[in-house]
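As structure tokens, the structure follows; a few thoughts come after it.
Quick note on labels: first sequence line is chain A, next is B, and so on, each numbered from 1. The model shown is predicted, which means the values in this text are computed figures rather than measured ones.
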Amino acid sequence: MPSRSFLLKMLSLAIVFGAWEIAGRVPVSYAFPTFLESMRALALLAIDGTLFTAYAETLRPLALGVLISAILGIALGLWIGLSARFDWLFSPIFVVMQSAPLAALIPLLVMAYGIGLTSKVFVVCIMAMPVIVLNTASAVRNTPSSLTEMARSFLGSRLDVILKVIIPAASPVIFSGLRLGISAGFIGAILSELKITPTGVGDIITYSRSIADYASMYAAIFSIILLAVLFLNLLEKLELHLFRGNNRGYVTD
Amino acid sequence: MTIFGFRLPGMSSLLLWGLVWEIVGRLGITFFVPPLSAVFATLFEIIGTPAFLKALSETAYAFGVGVTAAIAIGVPTGILMGRSRLLDELLLPWVNIFLSAPLTALVPVLMVLFGFGMTSIIITTALFAIWIIILNARAGVMQINRSLVEMARCFGASPLAAFTKIYFWSALPEILSGVRIGVIRAVKGVIIGQLLISIVGFGALFELYSANFLMTHFWAVLIVLFAMAFSISELLAYLERRVSYYAAKR
Amino acid sequence: MSQTRAAPRSTVPLAADIAVRTRDVSKHYGTVEALRNLSLDFPRGQLTSLLGPSGCGKTTLLKIIAGLIPATSGQIEVSGKTVTGPGPDRAFVFQDFALLPWASVLRNVAFGLELRGVARSEREAIAEKYIRDVGLAGFETSYPHQLSGGMRQRVGLARALSVNAEVLLMDEPFSAVDEQTRRKFQEDLLALVANENKTFIFVTHSIEEAVYVSDQIAILLPRPSRVSEVIRPTGIRDKGADNIRRDPEYLDIVDRIWASLRSYVE
Amino acid sequence: MSQTRAAPRSTVPLAADIAVRTRDVSKHYGTVEALRNLSLDFPRGQLTSLLGPSGCGKTTLLKIIAGLIPATSGQIEVSGKTVTGPGPDRAFVFQDFALLPWASVLRNVAFGLELRGVARSEREAIAEKYIRDVGLAGFETSYPHQLSGGMRQRVGLARALSVNAEVLLMDEPFSAVDEQTRRKFQEDLLALVANENKTFIFVTHSIEEAVYVSDQIAILLPRPSRVSEVIRPTGIRDKGADNIRRDPEYLDIVDRIWASLRSYVE
Amino acid sequence: SVSDARADKIRIALAETPSDELAAFFVALDRARANGLEYEWTAFSDEELAIQAVLSGQMDIGFGTPYAAMQKSKAPIRIIFQLSKLKFFPVTSKKYGKLEDLDGQPIMLHSRGGGTDSIANVIEEKVGIKFGTRSYVPGSANRVVALVAGQTDATIVDLSNKNKLMKQHGDKFNVLPMFEVDASDEALFGNLDWIKANEKDVEIFVKALLSVYRDMAKDPTIIRRETNPDGPIGQLPKEILDELDAFYTDAVEGGLYDPDGGGRKAALADMDWYSRAGQLTGDPSALAIEDFWYLKPLDAAQ
Ligand SMILES: Nc1ncnc2c1ncn2[C@@H]1O[C@H](COP(=O)(O)OP(=O)(O)OP(=O)(O)O)[C@@H](O)[C@H]1O
Ligand SMILES: Nc1ncnc2c1ncn2[C@@H]1O[C@H](COP(=O)(O)OP(=O)(O)OP(=O)(O)O)[C@@H](O)[C@H]1O
Ligand SMILES: [Mg+2]
Ligand SMILES: [Mg+2]
């Protein structure tokens with residue numbers, strides 16, 4: 001029933017935005033604009049084109065980093081999940097990477113990789129890759145053994161077993177890893193714009209904050225979240241499309 | 001990993017990596033990778049100082065409370081979402097939003113709503129951890145074997161019993177891996193919180209050391225942090241291994 | 001053609017003795033119509049077998065009686081009360097075993113009792129008895145993945161028996177069990193029917209088994225399923241398990257069922 | 001007691017015609033000893049049934065022959081070559097079906113061919129034929145969780161048939177299938193044996209089925225399993241499926257097997 | 001009682017983690033405590049956060065130059081003390097010798113709308129040049145690294161980083177001569193309502209600050225000597241503490257700290273400066289000091 005779920009979504013959106021509007025009107029803080037003010041600021045940013053040039057800037061390291069992380073991350077995750085030796089050697093690295101306080105590391109990265117695209121892509125990758133790798137690896141380890149046995153008995157090559165059994169079976173968890181990775185990538189992109197060189201959306205945030213234009217600042221934050229959500233919805237569509245039978249519905253149905 | 005029939009502990013490869021680090025450090029390729037031995041020397045120097053202990057306790061507190069809250073709220077929520085379509089339809093969009101939202105960008109909002117102190121740091125930590133915990137628990141429940149659920153209902157399981165005896169256990173491998181990832185993310189969250197909200201704990205030390213280019217100090221604190229993340233992740237990995245005997249047979 | 005032949009009403013016991021009664025039960029899965037207006041009575045203290053082609057809706061009917069899935073329309077009564085959900089009066093043996101992979105055999109067998117809040121020592125004593133009964137002594141601490149298919153099935157059987165429910169819903173309970181063990185189980189089943197006034201609803205694909213253990217056999221039509229015929233084999237069991245295979249009366253009933261099943265397949 | 005009676009060697013065909021040969025195969029799972037020094041020959045173009053109590057190691061033996069799990073000791077040869085892993089000459093029907101939950105029936109059936117690199121249109125044409133053969137026409141686009149137990153089993157069966165392997169390893173392939181369909185499958189099986197010179201290794205719990213379809217029946221002892229006896233029922237099949245149930249020769253063989261199985265159970 | 005004491009504590013929002021630059025401030029805090037001031041402090045990562053914290057009433061006194069916030073927000077925020085002047089230095093590679101050479105050349109700054117950005121704006125206006133592309137790298141130290149690594153040829157850095165750079169690489173870089181700036185880099189500010197309600201505490205605090213700034217002007221080494229070894233500064237690594245004397249000597253010499261705490265002179269300079277820098281809008285001469293500064297505590301302390 002798409003209309004019902006759509007209504008539910010609208011309802012919960014209305015509640016949250018309503019609460020925001022009210023909190024802004026109270027106001028909770030002088031630095032907290034209302035929902036409508038923020039939306040107006042967003043519209044202004046969009047109309048004068050600032051928003052789009054900013055995103056053109058922000059999306060470059062983000063898209064590049066996410067792409068690298070997704071491809072490399074899934075490959076490494078598979079490898080780690082399949083080979084005990086590789087697991088032993090490399091999974092600690094990703095645990096380290098995952099817990100690395102990037103915000104603190106950024107100054108060092110700047111020194112190492114300069115202030116250009118490279119270090120921003122690097123930041124996005126460090127953020128996005130570990131969770132993709134680790135999720136993929138654990139999903140691979142949990143593939144139902146009767147299915148791999150079946151594929152082997154029908155002479156699936158190693159590659160076949162991986163592509164046609166292990167990956168689809170692991171796909172829900174891999175996709176949740178991808179989702180996390182991409183969201184972390186967004187964090188990385190924003191962090192690098194806040195901390196390395198304020199360009200793109202990060203620049204809108206810092207600049208409007210420094211001139212106390214909080215509505216624009218919230219508008220920028222809102223737009224990033226919107227973008228991230230749209231992007232991940234797209235990912236979900238892809239997953240549904242690729243692995244339809246995996247969706248077994250709700251237990252209560 | 002076994003060598004000559006001897007099982008190497010999971011993280012022993014770190015020794016190898018430590019060696020690589022030491023060599024790189026000694027070669028003096030860049031000034032921000034000092035030799036590991038120098039880092040450890042500094043670590044022992046600062047580890048007993050009041051400043052360090054204060055940072056440790058502040059960080060551990062925020063981390064502990066944040067993670068506990070994330071697990072205590074996240075696991076049941078995820079299980080319930082996997083079970084109930086209504087709840088899932090209501091909550092999933094938000095879980096996805098927060099999971100995908102660059103939380104760093106949300107930190108300013110948190111500060112406005114929850115203040116500039118420990119509360120916001122704890123909430124940031126919890127926010128870094130909770131969404132993956134929810135989502136993994138949900139995924140675990142979604143792929144549960146229906147017969148088990150029917151069996152439990154048939155034998156008169158109360159909702160609570162079904163929850164604790166079927167859903168939880170059946171989703172446990174996913175839940176544990178979610179908690180593991182969540183906890184590791186929380187390490188990052190606590191530092192980001194400490195850097196972006198108010199500069200306390202390890203965040204303050206990082207800020208101080210990196211601003212003054214005290215590289216050995218910087219890495220020393222980082223190592224403490226890694227050790228923290230590792231021991232927790234290893235503990236959870238150990239638990240995961242304990243349930244792995246049925247993970248592939250569900 | 002016997003497609004619409006009604007069940008021979010006169011041989012069914014009085015209403016008071018009907019343990020489970022289904023009335024005009026229909027079930028749709030999306031566009032698939034599994035059951036259509038199925039009505040059938042299950043007399044108390046008797047064993048009723050459901051025979052029918054695979055995919056005709058036997059499991060579906062059992063689950064509806066168990067209260068696990070709702071019927072699209074129609075009514076189910078157990079001991080005169082309308083079924084709205086699972087109840088302690090019914091126990092289920094699942095076609096795919098439904099064992100907890102993380103629990104030992106002992107815990108799995110005791111699980112039904114655990115859910116009913118029976119104290120640990122007591123339920124484990126009961127479970128151990130039934131584990132012995134189904135021939136799994138020595139495997140109490142094994143996990144399901146360490147068992148063969150037939151052993152797993154027996155765990156599910158022991159679990160259902162241990163809760164001592166009035167109505168037992170058994171979905172192909174012996175399909176993976178070897179012939180000897182199956183024979184033993186059939187005897188046990190008959191003993192239970194005879195001594196404990198339990199009601200069994202039993203799905204099987206074996207006509208021989210159905211004839212041997214049943215008080216009545218309901219033959220179902222292929223999807224959408226209705227009851228095509230109800231047969232009450234009598235007097236066969238008394239001849240002893242070892243001899244009936246060559247007994248002409250037994251063979252006649254088997255042939256009759258076989259003919260009936262076949263009539264609508266071809 | 002016939003426990004140690006050797007298989008009647010003289011009735012086994014010449015070595016050249018042995019499709020699968022196991023020599024002194026043993027298998028331990030940790031402390032559980034599933035097979036001990038099991039030796040058995042499977043003649044080419046014949047159907048051999050394995051009969052034995054549940055948990056005796058039939059699945060284990062099949063998986064060892066398939067090359068899925070290694071034997072602890074002993075040797076397996078298929079067409080004279082030692083088995084070291086799965087091969088295109090063998091196809092497996094799994095006791096637990098092993099269907100891909102994310103793939104439709106069509107893709108599941110075609111999966112064996114897909115793994116062999118057969119082009120899509122071709123493999124789907126083949127798969128469709130076998131889906132029809134096993135009576136699942138109309139369910140091509142369904143997913144496994146939408147099928148009944150017996151229908152799932154038939155998907156697994158169709159998958160194994162579609163790869164056209166020389167040796168078919170079938171682990172209780174008809175256990176969840178109804179009697180009529182089963183009978184049809186048995187006929188199909190016999191036709192395959194007769195016309196295509198395929199070798200079948202067949203696990204079943206039904207003595208009747210074993211007698212009806214087998215060229216030879218190997219009776220296994222309980223764990224640790226060895227071959228207790230090899231029986232070669234002859235001339236029964238010619239009498240026609242409908243009549244043999246009352247045929248004294250058939251009934252004699254069933255009784256003999258039954259006695260043999262029973263002798264060591266008690 | 002304890003809880004009463006807590007309620008009386010004034011809450012100070014720092015704009016950075018305690019480090020060498022804050023040593024004088026903490027010495028003043030210690031002196032104020034000796035006179036009965038109860039306080040607690042929280043460090044924020046930048047001054048915008050400190051400003052927001054004061055705006056939302058979660059902190060009483062903050063660090064920074066909240067001119068934009070004072071003009072735009074409805075909250076009555078006022079500055080009470082100038083902590084440091086906007087002393088920044090254009091440093092370049094040997095390519096350039098004076099500000100005029102930078103016409104049309106790229107320059108690296110802290111952040112858009114930040115202090116160095118406004119310096120660049122004012123340079124453009126006063127010298128009559130136009131910089132080329134402005135790139136942004138937060139943190140003077142990072143810009144020094146970028147300069148040394150050759151990623152930029154011109155940037156603007158703070159006093160201590162300028163000194164460090166010139167000490168190590170004096171032969172490779174130039175410090176371009178620049179006009180005097182009296183405007184504030186960091187100032188102490190609070191909500192006027194709160195200030196008035198806590199007049200006494202604020203006066204103790206401002207008085208302590210003023211006394212430290214005056215003593216420091218005479219002898220910069222008192223900071224190191226008076227630093228409480230158990231306080232946040234005293235706990236810093238030895239490597240940093242050892243630099244304190246040099247830092248404050250340079251700072252005093254460079255005129256970073258006004259021994260009078262800014263006051264009217266600073267207020268006027270700020271209004272002028274921040275108008276030019278684009279943080280204040282409207283006609284500079286129409287701006288009133290009272291809208292930005294609250295001078296009573298400072299006057300009382302003089
Ligand atoms: N993975 C395993 N780990 C430990 N023990 C196992 C494992 N798999 C099988 N076994 C044991 O090996 C024995 C033989 O198992 P197998 O599955 O081969 O029996 P089977 O003859 O196929 O039985 P059934 O007719 O019930 O399917 C059983 O006792 C079982 O407990
Ligand atoms: N969850 C479901 N979604 C859609 N269709 C279903 C579902 N469950 C069962 N069906 C359909 O309902 C019909 C009856 O299924 P059911 O499992 O009751 O058959 P059955 O008589 O138990 O068969 P078998 O003897 O093979 O176990 C089948 O055609 C099946 O495809
Ligand atoms: Mg069924
Ligand atoms: Mg088996």
Side-chain angles (χ1 to χ4, degrees), chain C residues 29-30 32 34 51-60 94-97 135-136 139 142 146-154 171-172 174-184 203-210 220 222-223 242 245-246 248 251-252 254-255 257-258 261-262 264-266, chain D residues 29-30 32 34 51-60 94-97 135-136 138-139 142 146-154 171-172 174-184 203-210 220 222-223 242 245-246 248 251 254-255 257-258 261-262 264-266:
Chain C
Y29 290 107
V32 176
L51 262 179
S54 109
C56 77
K58 302 179 294 298
T59 301
T60 303
F94 289 83
Q95 191 172 10
D96 59 356
F97 318 155
L136 287 179
F139 286 92
S142 299
Q146 298 169 321
L147 301 181
S148 76
M151 293 158 90
R152 283 182 223 176
Q153 193 166 46
R154 287 184 267 158
D171 199 356
E172 308 190 24
F174 305 150
S175 66
V177 167
D178 59 292
E179 197 82 26
Q180 313 87 282
T181 315
R182 183 176 198 142
R183 201 55 68 92
K184 175 181 167 297
V203 173
T204 180
H205 282 307
S206 160
I207 300 176
E208 281 84 2
E209 178 168 86
L220 302 185
R223 202 161 8 90
D242 292 340
R245 200 175 290 110
R246 290 170 194 254
L251 289 168
D252 285 346
V254 171
D255 277 349
I257 295 175
W258 184 232
L261 280 171
R262 201 178 240 187
Y264 58 80
V265 165
E266 280 146 18
Chain D
Y29 290 108
V32 176
L51 263 179
S54 106
C56 77
K58 302 179 295 297
T59 301
T60 303
F94 290 84
Q95 192 172 10
D96 59 356
F97 317 157
L136 286 179
F139 286 92
S142 299
Q146 298 169 320
L147 302 181
S148 77
M151 293 158 91
R152 282 181 222 177
Q153 191 168 47
R154 286 183 269 157
D171 199 356
E172 307 191 24
F174 307 149
S175 65
V177 168
D178 58 294
E179 197 81 25
Q180 312 88 282
T181 314
R182 185 175 197 142
R183 199 55 68 93
K184 176 181 166 299
V203 173
T204 180
H205 281 307
S206 160
I207 300 177
E208 282 83 0
E209 177 168 86
L220 302 186
R223 204 162 6 90
D242 291 341
R245 201 177 288 109
R246 290 170 193 252
L251 288 168
V254 170
D255 276 350
I257 295 176
W258 186 232
L261 280 171
R262 202 177 240 186
Y264 56 82
V265 166
E266 279 145 20

* Structure fact -> Smallest heavy-atom separation, D:Thr204 atom then D:Ala210 atom, equals CG2-CB, 3.9 Å

* Would you say the side-chain atoms of D:Gln95 pair up with the backbone N or O of C:Ser148, donor to acceptor, closer than 3.5 Å? -> no

* Asked: Of all of C:Val254, C:Ile207, C:Val203, which one pairs up most often with chain D through heavy atoms under 4.5 Å apart?
  -> C:Ile207

* Can you name the closest pair of heavy atoms from D:Arg182 and D:Val177 and give their distance? -> N-CG1, 3.6 Å

* **chain D contact via C:Phe139 - side chain, backbone, both or neither, heavy atoms under 4.5 Å** => side chain

* Asked: In terms of heavy-atom proximity below 4.5 Å to chain C, should D:Gln153 be classed as side chain, backbone, both, or neither?
  -> neither

* Structure fact -> If one checks every heavy atom of C:Thr59 against chain D at 4.5 Å, the contacting part turns out to be neither

* **Over all atoms of both residues, closest heavy-atom pair of C:Ser142 and C:Gln146** => CA-OE1, 3.5 Å

